[in-house]
Structure formats: structure tokens, C-alpha cells
Amino acid sequence: MTPSRDIAGLIEIMAQLRTPVTGCPWDLEQDFASIAPYTIEEAYEVADAIVRHDLHDLCDELGDLLLQVVFHARMAEEQNAFAFGDVVEAITRKMIRRHPHVFADKDGNLTPGHVKGVWDRIKGEEKAERAARRGVDVPPPSSFLASVKAGQPALSQAMELQTKASSVGFDWNDPRAVLAKIREEADEIEAALDRGDQSEVAAETGDLMFALVNLARHVDADPELALRGTNVKFERRFGYIEQALAAKGRTLQEASLEEMDALWNEAKGNEIAD
């Protein structure tokens, strides 16, 4: 088998990998649950390539993510549930339905806000139709925030919850007010530490993180991208510590916290100087 630009080639490769006896033992023992973490990981790697503006890497990572879709579709086909073609048909039908202003009742005067409203309305209709197929009654939303998806990463969910609450006026008008809330949450963590209440410390830490997301929103910073940037910075500065110690013939394990902290500050100072 040779590489191909045709999706059929990738589908055939997966079919061979999943063929009993002659296929790959690792691929054969996988199921939806075991593959799901890889699917999430590949989606994050796509996002990382975008953040790094590495289009060559993005091409590779999109291929890895596509493989996950093909893998899930193949396992479903083996159970006579659906195949890759059904996945494609479902999403094309959905996109056509959710964009009537493009594929049906075109209206050049539609604003992005109007388009979002149509999208949300049609998504609601689709959700009701799926429930009807399963014979389940769809209860009315129990909360104004009920439409915020719970399955997404916590940072994104916090951002959406706050944005939606803000749309009805439940929000601060000044980022400095959010800073005051952050200080308040930090004080509550300290009080919980003094009491030795581990569960309360964890809960208050969550409150602090929620407040930090709120600050990011108020200063127009994406909290996920901001944290990724800090992660990169941490790796870079820690790498400086490793290199500086190695130049002295020493290892991380041999260095004291004070020595590593001094090298950290040195790395930070070098960045500022540059």
C-alpha cells in the first residue's frame, strides 16, 4: 500500500489494521473508550500548532486528528452502527441546515449576531429531534446557563459561563474589581490552609481559578492561550536552570531550591534584558 491523497486510502489502512489475525494487535484491542483520550490529545496538539504558527506541524496534527475520526468510524462499522461515509453525510447535512443564509434563504444583510442566533435555534431543534428518536422528552432548560456545554475543558466552560452571565448584566465593569475578588479568594485559601481543611482548600482553589479566568476575560486575554504561553515560558526558564547546572557539572537533584531559584531569576532577567 502506498500513501494517497484520497481519504479512501486512509480508511483502507484502518480496515487492515483492525482485521483480525493479520492486523495490528494494539489497534485490534482498542475500543471507543480507550481511544477517546488520544482523540482529545490530538485536538489539543492541533491547537498547539496553531498557537505556534507552525503550518507544517498543523498539517501533520490535522492528519493525526483525522485518523482518530477514521478509527472511531471503523469500530462503529464493525458493530454495524455507522461508517465513515455516514459521519461525513451527517456533518454535511448539519452544516447545510445550520447555514440557511448561505445554502437556502440567502440574506446578505445578516449580521454575525443574527447568524449565531439562527445557529443556536437550529441546534436546539436538532437536539429535540435526537431526543425524540430516542423516545426521550426534552425538558425545558432549567437555567439560563443550561446551554453551556459541560464536556468541554474547564477553562473554556468557565469563560462561556461568565460570558453568558455577563450578557444579562451579571458582571463587573472594571477589571480592578476582579483583582479584588482574586485577592479575596487567595485570602480564603490561606484561611482554609490554617484550618487544615484539604477539601475546602481544593474548593477555594477552584474559586481562585474561576476568578482568574474572569480577569482574563475582562482584559481580552484567552485564558487557555495565556496559560499555554506561561507553560512555554516555564519550560524555557527551567531549561536554563538545567543548562546552567550542567555547565558546572551538576544535576538538578544536586542543586538546592535556593540555587535553582537564583538561576530562575537569572533566566528571567536575561529575557527582560533581551
Side-chain angles (χ1 to χ4, degrees), residues 33 36-48 50-52 139-242 252-253 255-269 271-272:
Y38 296 101
T39 307
I40 296 170
E41 178 182 340
E42 296 300 350
Y44 276 119
E45 291 184 358
V46 166
D48 178 64
I50 293 171
V51 169
R52 292 185 284 104
S142 57
S143 166
F144 179 71
L145 302 175
S147 63
V148 176
K149 294 180 180 178
Q152 61 185 310
L155 283 178
S156 300
Q157 184 186 14
M159 192 77 159
E160 284 197 31
L161 288 169
Q162 294 170 9
T163 300
K164 188 148 191 179
S166 177
S167 70
V168 292
F170 189 72
D171 201 0
W172 282 290
N173 296 320
D174 186 346
R176 290 175 179 79
V178 187
L179 276 174
K181 182 64 176 176
I182 289 172
R183 295 186 185 100
E184 175 188 324
E185 297 297 352
D187 289 342
E188 291 179 1
I189 292 174
E190 187 171 13
L193 285 169
D194 290 342
R195 289 191 291 272
D197 190 330
Q198 187 60 38
S199 63
E200 187 180 0
V201 169
E204 296 295 351
T205 300
D207 292 346
L208 176 60
M209 295 174 69
F210 192 84
L212 288 169
V213 171
N214 212 338
L215 178 63
R217 182 173 60 85
H218 275 80
V219 299
D220 295 323
D222 184 310
E224 176 69 25
L225 295 182
L227 183 56
R228 283 180 177 272
T230 298
N231 290 343
V232 170
K233 182 166 56 180
F234 181 89
E235 286 187 274
R236 183 174 64 246
R237 292 178 181 174
F238 195 83
Y240 179 89
I241 295 173
E242 289 182 284
L252 289 168
Q253 291 75 15
S256 67
L257 175 59
E258 291 75 13
E259 185 177 5
M260 287 190 286
D261 196 44
L263 288 171
W264 174 277
N265 290 328
E266 187 176 304
K268 184 176 180 180
E271 291 174 5
I272 294 174

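A quick note: this is a predicted structure, and the numbers were derived from the prediction, not measured.
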Validation: residues 174-183 side-chain donor-acceptor distances under 3.5 Å, sequence neighbours left out:
{"unit_1": "Asp174", "atom_1": "OD1", "unit_2": "Arg176", "atom_2": "N", "d": "2.9"}
{"unit_1": "Lys181", "atom_1": "NZ", "unit_2": "Glu184", "atom_2": "OE2", "d": "3.2"}
{"unit_1": "Lys181", "atom_1": "NZ", "unit_2": "Glu185", "atom_2": "OE2", "d": "3.2"}

Rounded to the nearest 0.5 Å, what's the gap from CG on Asp207 to CG on Leu212? Could you check? 11.0 Å
What are the two closest heavy atoms between Arg52 and Asp48, and how far apart are they? NE-OD2, 2.8 Å
Would you call Lys233 and Glu271 a salt bridge, taking side-chain N to carboxylate O under 4.0 Å as the test? no
Looking at Val201, is its backbone amide N or carbonyl O close enough to the side chain of Thr205 to form a donor-acceptor pair, meaning the two atoms are under 3.5 Å apart? yes
Is it the case that the side chains of Asn214 and Arg217 hold a donor-acceptor pair, with the cut-off being a distance below 3.5 Å and no angle test? yes
Please round to the nearest 0.5 Å and tell me the distance separating atom CG of Asp261 and atom CD1 of Ile241. 8.0 Å
How about CG on Asp194, more than 12 heavy atoms from neighbouring residues, nucleotides or ligands closer than 6.0 Å, or not? yes
Within a strict 4.5 Å, meaning less than it, do heavy atoms of the Asp171 and Gln162 side chains meet? no
Roughly how far, to the nearest 0.5 Å, is CD of Glu190 from CD of Glu204? 12.5 Å
Value for CG (Asn173) from OG (Ser166), rounded to nearest 0.5 Å, stands at 8.5 Å
Nearest heavy-atom pair of Phe234 and Trp264: which atoms, and what distance? CD1-CH2, 3.4 Å
Measure the spacing between CD of Glu242 and CG of Leu252 and express it to the nearest 0.5 Å. 5.0 Å
Do you know the tightest heavy-atom contact between Tyr44 and Glu224? CE2-OE2, 4.2 Å
OH/Tyr38: more than 12 non-hydrogen atoms of other groups inside 6.0 Å: no
dist Leu193:CG -> Ile189:CD1 (nearest 0.5 Å) comes out at 7.5 Å
Are Val46 and Glu42 side-chain neighbours, meaning at least one heavy-atom pair lies under 4.5 Å? no
If you count the non-hydrogen atoms of other residues, nucleotides and ligands that lie under 6.0 Å from CE in Met209, is the total more than 12? no
Nearest heavy-atom contact between Pro223 and Val213 is CG-CG1, 4.2 Å
